[in-house]
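Here the structure is laid out as structure tokens; the discussion comes afterwards.
Start at 1 and go down the list; that is how both ligands and their atoms are numbered. It should be emphasised that the depicted structure is a prediction, and the values quoted were computed from it without experimental measurement.
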Amino acid sequence: MTRLAFLVSPSHNRVYAADAPRLAAAELRVLGDRALDGRVSDVAEQTVAGVPYVGFTLDGALSDADTRAIANLSSLYALFETVPGDTDGDAATATRLLRPVLAPRRDVLPSDLLTIQKYAGKTNEDFTRLLLNTTVLATDRPDALGAPADVLTGGPRGERRLRVLDPMCGRGTTLNLALASGWDAIGVDLDTQDVEAYATFLRTWLKTHRYKHAADLSTQRRDGKSLGRRFHAAFGLTREEWAAGRSLEVTVHAADTLRTAELVKPGSVDVVVTDAPYGVQHGTRSRGTGTGRGGRDVLDRSPLALLEQAVPVWSRLLRRGGAVGISWNTRVAPRDALVSLLADAGLEPADDATHRGFAHRVDQSIQRDLVVARKP
Ligand SMILES: C[S@@+](CC[C@H](N)C(=O)[O-])C[C@H]1O[C@@H](n2cnc3c(N)ncnc32)[C@H](O)[C@@H]1O
């Protein structure tokens with residue numbers, strides 16, 4: 001039995017920070033069930049010297065694989081083992097001490113890939129990691145989260161590395177996180193300006209960090225017809241890897257998400273993750289309004305109506321055993337509606353008490369929740 005605690009990351013967003021310990025506890029419970037063989041118990045938020053921690057018990061000793069999985073929790077700042085301190089001869093009144101445990105994230109790219117871009121409507125990076133983690137944990141490959149960051153082979157047993165699709169990707173927070181995790185990424189967004197801004201950002205970032213790469217922004221055509229702008233980049237983590245032809249890949253299409261099946265091969269994606277339009281000012285209205293060359297106006301569809309049409313399309317793109325994770329504004333659609341539409345698309349939503357523990361406030365008009373579902 002090992003007693004552990006982790007310090008919750010101080011979030012830059014004060015509203016999110018208020019909910020972070022509770023969300024961190026929920027994420028840990030999901031991780032424990034899916035990636036740590038159900039060995040996590042007694043999960044509790046606690047305050048030590050005025051600072052928020054999440055404490056828990058791990059059945060058995062802490063292995064390297066356990067540490068790697070725990071290290072990727074979205075709100076983990078530092079991990080500690082709780083050990084008895086000075087007992088004064090009386091075990092019952094022993095002080096508990098926190099002994100630091102080295103727990104590096106598996107990220108293969110510098111964190112500024114996620115933090116440099118600032119724009120209205122950007123999804124908070126910590127929350128994006130929570131959504132991606134929870135979705136990967138719903139797949140048949142939950143171990144991918146704690147696998148050593150060996151991007152060349154994809155995993156400890158040489159599995160293929162994951163392919164992550166964000167079908168409403170904005171300026172690419174999910175895509176950058178997938179790349180940082182050593183996975184390939186595909187994005188789709190209606191707003192051509194977002195796709196072009198992402199292309200400019202990533203090119204500059206790859207140059208600044210001196211990654212060997214090839215990048216191309218062009219108009220994709222099929223049968224003489226334009227399918228919209230498309231950005232593709234491939235890069236090596238080292239010069240040697242690049243020279244050996246091993247690269248991480250990201251592709252972003254400017255298109256209506258309902259057309260994703262024309263752009264991405266069905267059954268080719270492990271994880272679909274998206275922060276859906278909120279149906280408020282910095283969601284559907286000011287961004288993604290079809291003012292770019294990307295397509296028609298989205299204002300004719302409420303976020304729920306859009307998801308009703310889009311989920312069956314996204315579901316076809318998933319491999320069996322893959323999973324979809326959606327975050328959305330519960331002020332425009334109740335949780336049960338999302339769960340039903342995922343089930344209607346032939347997916348298996350994870351809707352137990354733990355998975356119902358992620359709702360949180362974003363601002364006055366947005367109460368956000370997330371739901372994940374597996375493709376059987
Ligand atoms: C909440 S934002 C996602 C932000 C993104 N996670 C980021 O951090 O940049 C929702 C996105 O959905 C896009 N969107 C809305 N309707 C769409 C549609 N029909 N097809 C594709 N994208 C759409 C918007 O352009 C917007 O970028």
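Every N/O-N/O distance between Thr174 and ligand 1 stays at or above 3.5 Å. For ligand 1, the polar-atom distance check finds no N/O of Tyr278 at less than 3.5 Å from any of the ligand's N/O atoms. Of the N or O atoms in Thr257, one or more lie within a sub-3.5 Å distance of an N or O in ligand 1.
Judged by the 6.0 Å and 45° rule, Arg171 forms a cation-pi pair with Tyr119. Judged by the 6.0 Å distance and 45° axis criteria, Arg368 is not positioned over the aromatic ring of Tyr278.
Looking at Asp19 and Arg22, a side-chain N of the basic residue comes within less than 4.0 Å of a carboxylate O on the acidic one, giving a salt bridge. A salt bridge links Asp351 to Arg335: at least one charged side-chain nitrogen sits closer than 4.0 Å to a carboxylate oxygen. With respect to Arg163 and Asp270, no salt bridge is recorded, no charged nitrogen being found less than 4.0 Å from a carboxylate O. Taking 4.0 Å as the cut-off between side-chain N and carboxylate O, Asp369 and Arg356 do not count as a salt-bridged pair.
In this structure, Arg29 contributes its side chain and Val43 its backbone to a donor-acceptor pair below 3.5 Å. Within the 3.5 Å criterion, the main-chain N or O of Pro167 finds a donor-acceptor partner in the side chain of Thr257.
Ligand 1 places these atoms under 4.0 Å from at least one heavy atom of Asp275: 1 (C), 2 (S), 3 (C), 10 (C). Listed by atom number, the atoms of ligand 1 under 4.0 Å from Pro277 heavy atoms are 10 (C), 12 (O), 15 (C). Proximity to Ala276 (heavy-atom distance under 4.0 Å) selects the following atoms of ligand 1: 1 (C). Heavy-atom proximity to Tyr119, at under 4.0 Å, picks out these atoms of ligand 1: 7 (C), 8 (O), 9 (O). Ligand-side atoms of ligand 1 in range of Gly121: 4 (C), range being under 4.0 angstrom from any heavy atom. When each atom of ligand 1 is checked for a heavy atom of Cys169 under 4.0 Å away, the hits are 5 (C), 7 (C), 9 (O). Taking every non-hydrogen atom of Ala255 and a distance limit under 4.0 Å, the qualifying atoms of ligand 1 come out as 20 (N), 21 (C). Residue-ligand proximity, Thr123 to ligand 1, at heavy-atom distances under 4.0 Å covers atoms 4 (C), 5 (C), 6 (N), 7 (C), 8 (O).
For atom 19 (N) of ligand 1, the nearest non-hydrogen atom from the set Thr260, Asp189, Asp256 comes from Asp256. Comparing Glu125, Gln117, Met168 against atom 12 (O) of ligand 1, the shortest heavy-atom distance belongs to Met168.
Under 4.0 Å from ligand 1, the heavy atoms of Asp194 that appear belong solely to its side chain.
Interatomic distance, CG of Leu145 versus CD1 of Ile70, reported as 11.0 Å (0.5 Å rounding).
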> When you look at Arg3 and Thr57, which way does the side chain to side chain donor-acceptor pair (under 3.5 Å) test go after all the steps?
Replying inline: CA-CA 5 Å; Arg3 186 71 197 156; Thr57 300; 2.8 Å; yes

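Judged by the shortest distance from any of its heavy atoms, Leu306 lies inside the 4.0 Å radius around the atoms of ligand 1. In this structure, Ala310 does not count as a contact residue of ligand 1, since none of its heavy atoms falls inside 4.0 Å of the ligand.
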